[in-house]
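The structure under discussion appears below in the form of structure tokens.
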Amino acid sequence: MEPIEISVEGDGRTACSGFCARCGRAHSLPVGPALAQARELLHSLTSAGRVDMHVNAEAADPALSTASLFGEARGHMFGVLVCRDQQGRTGVLKAFSGQLNGVWHVPGWVPPLVNTEELAAMSSGVERLIKRLGRDMERLPEGDPGRAVLAAKRAEISRALMLDIHALYRIPNFRNEAKPLPEIVLGQSGIPAGTGDCCAPKLLGYAARHNLIPLGVAEFYFGRENRSGTRRHGGVYTSCSQKCGRILGHMLCGLDPA
């Protein structure tokens, strides 16, 4: 596959931003300092054809091939963060959003904000119960009162599970604070699934926990265009407002000059 050139969407300046309840204003981070590194990562993924680029081909995980991103599953967001450490040295972090074919952890890539072992332990039994209730519903005819009872029970269990999952996410910022996700999400609407799993929160969380100073972030889409047509291969996009925009104000707090 021929490499495709990076194209910057939106205003071309802001990588991520969010309103900070503590400061009463928005915090943001630019795209510019990270564009060259985003271009390099795009070309590396294209050349390697897989995400586990740092292992020998014989040891590569088939689940981490980029071929699937051009199929029915469609593409994925990737991101880079350029940062400076306490000694003034500049470095680059990279992340992918959420999971890749069920894989959370890949050597060389920033890990999730959540402890995935705790997440799996909490979710596995409850998810089996939710699926069992679904099967029980399917056995009952349409209009049977029992279906409504089972549906209500399943919805209640699902809501409780999501609350427990969200509480596992402790979101750091650059004031050396880490708060549970439900405490820092802006707005009165529910917390969307996957909040905290996008590239920018992963990258900023890692930087904050390791005393690194972010200089710029770039998130780009790799693979087949998404179904809504809002993401295309090689496009650099500002962090989403529905999920990231509601937590990034907290995460970026402490970066601005006093």
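Because the structure is a prediction, the values reported are computed rather than measured.
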Problem set entry | Contact summary for Ala38 and Val80, nearest pair of heavy atoms | N-CG2, 3.6 Å

Exercise. Linking I/L/V/M/F/W/Y whenever their side-chain heavy atoms sit closer than 4.5 Å, directly or via other members, would Met137 and Val149 fall into one cluster?
Worked result: no

Problem set entry | Residue pair Leu168, Asn115: steps toward the side-chain contact (heavy atoms from CB on, under 4.5 Å) verdict | CA-CA 8 Å; Leu168 288 179; Asn115 183 314; over 6 Å; no

Problem set entry | Side-chain touch Val55/Pro107, heavy atoms, less than 4.5 angstrom | no

Exercise. Do Leu186 and Leu255 belong to the same hydrophobic cluster, where Ile, Leu, Val, Met, Phe, Trp and Tyr are linked whenever their side-chain heavy atoms lie under 4.5 Å apart, directly or via other members?
Worked result: no

Problem set entry | Any side-chain donor near an acceptor of the partner, Tyr221 and Asn226, under 3.5 Å | no

For this session: Please tell me if the side chains of Ser68 and Asn101 come closer than 4.5 Å, counting only heavy atoms from C-beta onward.
Result: yes

Problem set entry | Nearest-0.5 Å distance, CG of residue Leu29 to OG1 of residue Thr14 | 9.5 Å

Problem set entry | Heavy-atom side-chain contact between Asn211 and Asp85 under 4.5 Å | no

Exercise. Do Glu72 and Arg227 sit within salt-bridge range, that is, some charged N less than 4.0 Å from a carboxylate O?
Worked result: yes

Exercise. Is the backbone N or O of Val51 less than 3.5 Å from a side-chain atom of Trp109, with the two atoms forming a donor-acceptor pair by type?
Worked result: yes

For this session: Compute whether any side-chain donor of one residue and acceptor of the other, for His27 and Ser17, lie under 3.5 angstrom apart.
Result: no

Exercise. Taking the side chain from His250 and the backbone from Ile171, do they hold a donor-acceptor pair closer than 3.5 Å?
Worked result: yes

For this session: Could you tell me whether the side chain of Tyr237 and the main chain of Arg232 form a donor-acceptor pair under 3.5 Å?
Result: yes

Exercise. Checking side-chain contact (heavy atoms from CB on, under 4.5 Å) for the pair Gln99/Trp104: CA distance, chi angles, key distance, verdict?
Worked result: CA-CA 5 Å; Gln99 305 175 61; Trp104 281 108; 3.4 Å; yes

Exercise. Does a side-chain N-to-carboxylate-O contact under 4.0 Å join Arg74 and Glu225?
Worked result: no

For this session: Determine yes or no for a side-chain-to-main-chain donor-acceptor pair under 3.5 angstrom, with Asp52 supplying the side chain and Asp61 the backbone.
Result: yes

Exercise. Does the Arg84 side chain pair with the main chain of Thr90, one donor and one acceptor, at a distance under 3.5 Å?
Worked result: no

For this session: Could you tell me whether the side chain of Leu161 reaches within less than 4.5 Å of the side chain of Met122, counting heavy atoms only?
Result: yes

Seminar exercise, completed: The reported gap from OG in Ser28 to CZ in Arg13 (rounded to nearest 0.5 angstrom) is 10.5 Å

Problem set entry | Mutual orientation of the aromatic rings belonging to Phe78 and Phe220 [parallel < 30°, tilted 30-60°, perpendicular > 60°] | parallel

Exercise. Do you know which two heavy atoms are closest between Cys16 and Leu204, and how far apart they sit?
Worked result: SG-CD1, 4.3 Å

For this session: Would you check if Leu64 and Leu100 make a side-chain contact, meaning some heavy-atom pair closer than 4.5 Å?
Result: yes

Problem set entry | Ser189 and Arg246, any side-chain heavy atoms less than 4.5 Å apart | yes

Problem set entry | CG-CD distance between Leu150 and Glu138, expressed to the nearest 0.5 angstrom | 11.0 Å

For this session: State whether Phe96 and Lys202 meet the cation-pi test: NZ (Lys) or CZ (Arg) under 6.0 Å from the six-membered ring centroid, and within 45° of the perpendicular axis.
Result: yes

For this session: Answer whether the closest heavy-atom distance between the side chains of Met162 and Ser158 falls below 4.5 Å.
Result: no

Exercise. Side-chain contact, heavy-atom cut-off 4.5 Å: Leu41 with Met53?
Worked result: yes

Problem set entry | Closest heavy-atom pair and its distance - Arg175, Cys23 | NH2-SG, 3.8 Å

For this session: Could you tell me which non-hydrogen atom of Leu212 sits nearest to which non-hydrogen atom of Cys83, and how far apart they are?
Result: CD1-SG, 4.0 Å

Exercise. Donor-acceptor pair, Asn173 side chain versus Met251 backbone, under 3.5 Å?
Worked result: no

Problem set entry | Main-chain N/O of Ala59 paired to Asn56 side chain as donor or acceptor, under 3.5 Å | no

Problem set entry | Nearest non-hydrogen partners of Glu219 and Ala200, listed with the distance | OE1-N, 3.3 Å

For this session: State yes or no: do Ile247 and Phe19 share one hydrophobic cluster built from I, L, V, M, F, W and Y residues joined by side-chain heavy-atom distances below 4.5 Å, directly or via other members?
Result: no

Exercise. If you measure from CG on Leu113 to CG on Leu119, what distance do you get to the nearest 0.5 Å?
Worked result: 12.0 Å

Problem set entry | Flag, side chain of Ser124 to backbone of Ala120, donor-acceptor distance under 3.5 Å | yes

Exercise. With Tyr169, which of Leu181, Val185, Ile184, Thr195 fulfils side chain to side chain contact (heavy atoms under 4.5 Å, CB included)?
Worked result: Leu181

Exercise. Does atom CZ of Phe174 have more than 12 heavy-atom neighbours, drawn from other residues, nucleotides or ligands, at distances under 6.0 Å?
Worked result: yes

Exercise. Rounded to the nearest 0.5 Å, how far does CD1 of Ile191 lie from CD1 of Ile165?
Worked result: 11.5 Å

Exercise. Looking at Asp136 and Arg139, does any basic side-chain N land under 4.0 Å from a carboxylate oxygen?
Worked result: yes

Problem set entry | Expected output: side-chain Thr66 to main-chain Gly49 donor-acceptor under 3.5 Å | yes

Exercise. What distance do Arg132 atom CZ and Arg128 atom CZ have between them, rounded to the nearest 0.5 Å?
Worked result: 11.0 Å

For this session: Could you tell me which non-hydrogen atom of Lys243 sits nearest to which non-hydrogen atom of Pro192, and how far apart they are?
Result: CG-CB, 4.0 Å

